[in-house]
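Shown next, in structure tokens, is the structure this report addresses.
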Amino acid sequence: MIDIKDITKSFGSLQVLKGIDLHIDKGEVVSIVGPSGAGKTTLLQIIGTLDKPDSGKIVIDGTDVSKLNSRKLSEFRNRRIGFVFQFHQLLPEFTALENIMIPAFIAGTPRNEAKRRGMELLDFMGLADRASHKPNELSGGEKQRVAVARALVNKPAVILADEPSGSLDSKNKNELHQLFFDLRDKTGQTFVIVTHDESLAGITDRTISMRDGMLEQSATTDGPETADECPATNI
């Protein structure tokens, strides 16, 4: 699904990534952990094509993203990569459903199809009755679930999440973590999650540790069964 070969990245004289090699399978839920300044977010941004490495190669779902021009790269990012951030980043003037539909509109999806897909996702999230509510009418956990639905609306190859539960209380945090595995089991969705949350890292399929711009280790956990063991269906 994702193949990363010898990725390096520097900002001025500071080398942030020092030759990263990593493979992530389809349907894996992978966490990336490490101290602040280890290079976790920089790596995630490069995987998400939001930044470019100084050297190396990234292949996502069979596409070598380094070979795409700016327009093709933007299209690929919109259609094949979903993003979830620590703070939901929903647009306050739009409803929950409208926020979810925005990436579909950018991809050229007809309105009726985008609305159908958005409602389908809201129903899966248990938020169908909140479709017409704006962000200021939603709880923190509801906002983050809407943000996950927005990331999923174009059926991406991978969801990249940067501290997705960092702003949530314990109850909503646990529910969000379980949602990732529910989505993986139902759809075969791949997740790459940067986190400081030990409880989340402890249940992912694999935990990748980073320090000083390098991978330290990759440990398999005893988390939920893999997508290969669960037939994926569309939602």
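Everything numeric here is computed off the predicted structure, so don't read it as measured data.
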Which value, rounded to the nearest 0.5 Å, describes the distance between [X] atom [atom1] and [Y] atom [atom2]?
X: I7; Y: T42; atom1: CD1; atom2: OG1; value: 12.0 Å
X: F124; Y: L183; atom1: CZ; atom2: CG; value: 4.5 Å
X: T41; Y: L50; atom1: OG1; atom2: CG; value: 11.5 Å
X: K18; Y: M210; atom1: NZ; atom2: CE; value: 10.0 Å
X: L152; Y: I159; atom1: CG; atom2: CD1; value: 4.5 Å

Hey, are the side chains of [X] and [Y] touching, using non-hydrogen atoms and a 4.5 Å cut-off?
X: I193; Y: P164; answer: yes
X: F105; Y: R111; answer: yes
X: M101; Y: V153; answer: no

Any donor-acceptor pair under 3.5 Å from [X] side chain to [Y] backbone:
X: D54; Y: S10; value: yes
X: K57; Y: D64; value: no
X: Q144; Y: F85; value: yes
X: D25; Y: E28; value: no
X: D21; Y: D6; value: yes
X: S139; Y: E142; value: yes
X: R130; Y: E137; value: yes
X: D197; Y: S199; value: yes
X: K143; Y: L90; value: no
X: S209; Y: E216; value: no

Quiz item: Would L73 and V65 count as a side chain to side chain contact (heavy atoms under 4.5 Å, CB included) if you check the C-alpha gap in whole Å, the side-chain angles of each, and the deciding distance to 0.1 Å?
Solution: CA-CA 7 Å; L73 192 61; V65 297; 4.1 Å; yes
Quiz item: side chain to side chain donor-acceptor pair (under 3.5 Å) with E113: which residues, sequence neighbours excluded?
Solution: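 R116.
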Quiz item: Considering residues at least two apart in sequence or located in another chain, which fulfil the side chain to side chain donor-acceptor pair (under 3.5 Å) criterion with E163?
Solution: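 Per chain and number, E163 pairs via side chain to side chain donor-acceptor pair (under 3.5 Å) with H196.
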Quiz prompt | Over 12 non-hydrogen atoms of neighbours within 6.0 angstrom of CZ in R80 | solution =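 More than 12 heavy atoms, drawn from other residues, nucleotides or ligands, come within 6.0 Å of this atom.
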Quiz item: To which residues is L91 joined in a hydrophobic cluster, defined by side-chain heavy-atom contacts under 4.5 Å among Ile, Leu, Val, Met, Phe, Trp and Tyr, whether direct or through other members?
Solution: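 So far as hydrophobic clustering goes, L91 is joined with F94, I102, I106.
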Quiz item: Regarding S55 and T8, is there a side-chain donor-to-acceptor distance under 3.5 Å anywhere?
Solution: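 A pair is found: one side chain offers a donor N or O, the other an acceptor, under 3.5 Å apart.
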Practice problem: Using only heavy-atom distances, determine whether the side chains of T63 and D61 contain a donor-acceptor pair under 3.5 Å. | Solution: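 D61 and T63 do not have a side-chain donor-acceptor pair below 3.5 Å.
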Quiz prompt | Within 45° cone and under 6.0 Å: K9 NZ/CZ vs F11 ring | solution =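 Verdict for F11: a cation-pi partner in K9.
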